[in-house]
Amino acid sequence: MVLLKVLRKIKQREKEMRILVLGLDNAGKTTIVKQLNGEDVSTISPTVGFNITTLTHNGYRLHVWDVGGQKSLRSYWRNYFEQTDGLVWVVDSADIHRLNDTRHELHALLKEQRLAGATLLIFANKQDLPGALSAQQITEVLGLESLANRSWSLYPCSALLAEEVGGLLAGMDWLVKDIASRIYMLQ
Amino acid sequence: MSGTTHTPAAAEDESDAVPSESSIGHVSVGGVSVGAREPSQIHPDHTQITPAYVCALNGPTQDFLCPVTANVYNIEFVAFKVRDCDTNQEIFSIAKPPAEESGSTSTEADASTEPVRSIRYKFPADFLGKRNIGTTLHFTVGSEAITNFQLMERHYFRNTLLKSFDFTLPFCIPHTVNEWEAMYELPELSEALRNDIIAHPYETKSDSFYFVEDRLIMHNKAEYKYQ
């Protein structure tokens, strides 16, 4: 009976993942999380701190940490790296002037030892805006092709539009699947 | 967020909810607690109260286990809402300033500037049948960074523990506004217990203890009525 309980607890733990959502301010991190959570996305204001929630996706419980992206907050990001299974990097695909910033910040994160094992999902957000770069262009700008030893994938999306939630779900499907395959491999 | 929840399905299962290896040495046999702390007991000074201590309580406390001044980090709760995660319906919402639904709250604070430490909830009876609840707390942090901010929440009907929750936030950034949604899997209650709870409004109570680095900084109470 006790053993059964222990086994059950281990099993529950297996089905849990910790997801860290980062990106520059105004990239749409909170909108993505709220949209995935089925919440209202019409009145979202800049995150000056964090939003944390738990999403259920394909039978997994995702503990999602969405931390504000303003410059003054970025130095605190490192406090949230521990035990991260998946890193979601959100890009405003229409914010042409800050593409260098977003690449720079992303590559700094990827050097972090504590994020070394994390799966990387990039959301090329705001595809609905005029002048938004395509998924292929964002891939090039971010220098993703040259990433070694990193499981990554990029999904275009328009997080503000409820009818476009499919883009977000496709990205999350991939993320969860990739993390799950790693976790099971370790056993 | 790391969270663990314990669901004592029956009284004899309570030993699962309270780790027997805790320093308090709580032992529960067939629903009769041995060596557990009586809720009316005089508690030590708040600086001595740890998560293990409140874990050994077997009923709601009579008093607040710390003064308002224990909140040296200036953590302030600015909004709170409860939703049904299965239907995504909002069940309860309260925010500061005012905007609170009158009648649904009561304050035991002496001065109007004091934070509200206890609240009375009225929920429809079918709330007791809900399985997955999300509570969202909006809070602000003062000028100091906070590490290991822990919430321990204990729900009782009279002196029976219904559910105990334990969540830890490893880090909070100074001068921030944060939103923390905790997901609760509610225990399945027997028909008899459910009826008993409905028949006795406000005898279902909870204590929310907030710790920073294992030191008690806030204690809030709630009472529930289901109709």
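Note on naming: letters A, B, ... go to the chains in the order of the sequence lines (proteins, then strands), and numbering restarts at 1 for each one. The basis for the numbers below is simple: all heavy atoms, side chains too, and nothing from hydrogens, waters or symmetry mates.
Using a 4.5 Å cut-off between heavy atoms, A:Val64 does not touch chain B at all. The parts of B:Cys172 that come within reach of chain A are both its backbone and its side chain, each placing non-hydrogen atoms under 4.5 angstrom from that chain. Looking at A:Glu39, the atoms closer than 4.5 Å to chain B (heavy atoms on both sides) sit in the backbone and in the side chain alike.
Judged as a side-chain contact (heavy atoms from CB on, under 4.5 Å), and not counting sequence neighbours, A:Lys177 has no contacts.
In this structure, A:Tyr76 contributes its side chain and B:Ala145 its backbone to no donor-acceptor pair below 3.5 Å.
Remark: B:Arg215 CZ is loosely packed, at most 12 non-hydrogen atoms of other residues, nucleotides or ligands lying under 6.0 Å away. Within a 6.0 Å sphere centred on CD of A:Gln113, heavy atoms belonging to other residues, nucleotides or ligands number 12 at most. Atom CG of A:Asn149 has 12 or fewer neighbouring heavy atoms from other residues, nucleotides or ligands inside a 6.0 Å radius. Other residues, nucleotides and ligands place no more than 12 heavy atoms under 6.0 Å from the CZ atom of A:Arg78.
Identified under the side chain to side chain donor-acceptor pair (under 3.5 Å) test for residues 151-163 of chain A, with sequence neighbours left out: A:Asp128-A:Ser158, A:Ser151-A:Asp178. Sorted by first and then second residue, the pairs that involve residues 97-106 of chain A and meet salt bridge (Lys or Arg N to Asp or Glu O under 4.0 Å), not counting sequence neighbours, are A:Asp25-A:Arg98, A:Arg74-A:Glu105, A:Asp95-A:Arg98.
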Trace of the side chain to side chain contact (heavy atoms under 4.5 Å, CB included) decision for A:Thr54 with B:Tyr184 | CA-CA 10 Å; A:Thr54 306; B:Tyr184 294 70; over 6 Å; no
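At a threshold of 4.5 Å between non-hydrogen side-chain atoms, the residues A:Thr53 and B:Met183 count as touching. For the pair B:Asn178 and A:Asn51, the minimum side-chain heavy-atom distance is 4.5 Å or more.
Separating the CH2 atom in A:Trp77 from the CZ atom in B:Phe171 is a distance of 14.5 Å, to the nearest 0.5 Å. To the nearest 0.5 Å, atom CD1 of residue B:Ile146 and atom CG of residue A:Asn79 are 12.5 Å apart. Within the model, atoms OG of A:Ser72 and CD1 of B:Ile173 stand 8.5 Å from one another, a figure rounded to the nearest 0.5 Å.
With A:Phe50 as reference, B:Leu169 is the one residue of B:Val177, B:Thr176, B:Leu169 to meet the side-chain contact (heavy atoms from CB on, under 4.5 Å) rule.
Of residues 28-37 of chain A, those residues lying under 4.5 Å from chain B by any heavy-atom pair are A:Lys34, A:Asn37.
Closest non-hydrogen pair, A:Val48 versus B:His175, comes out as CG1-O, 4.2 Å.
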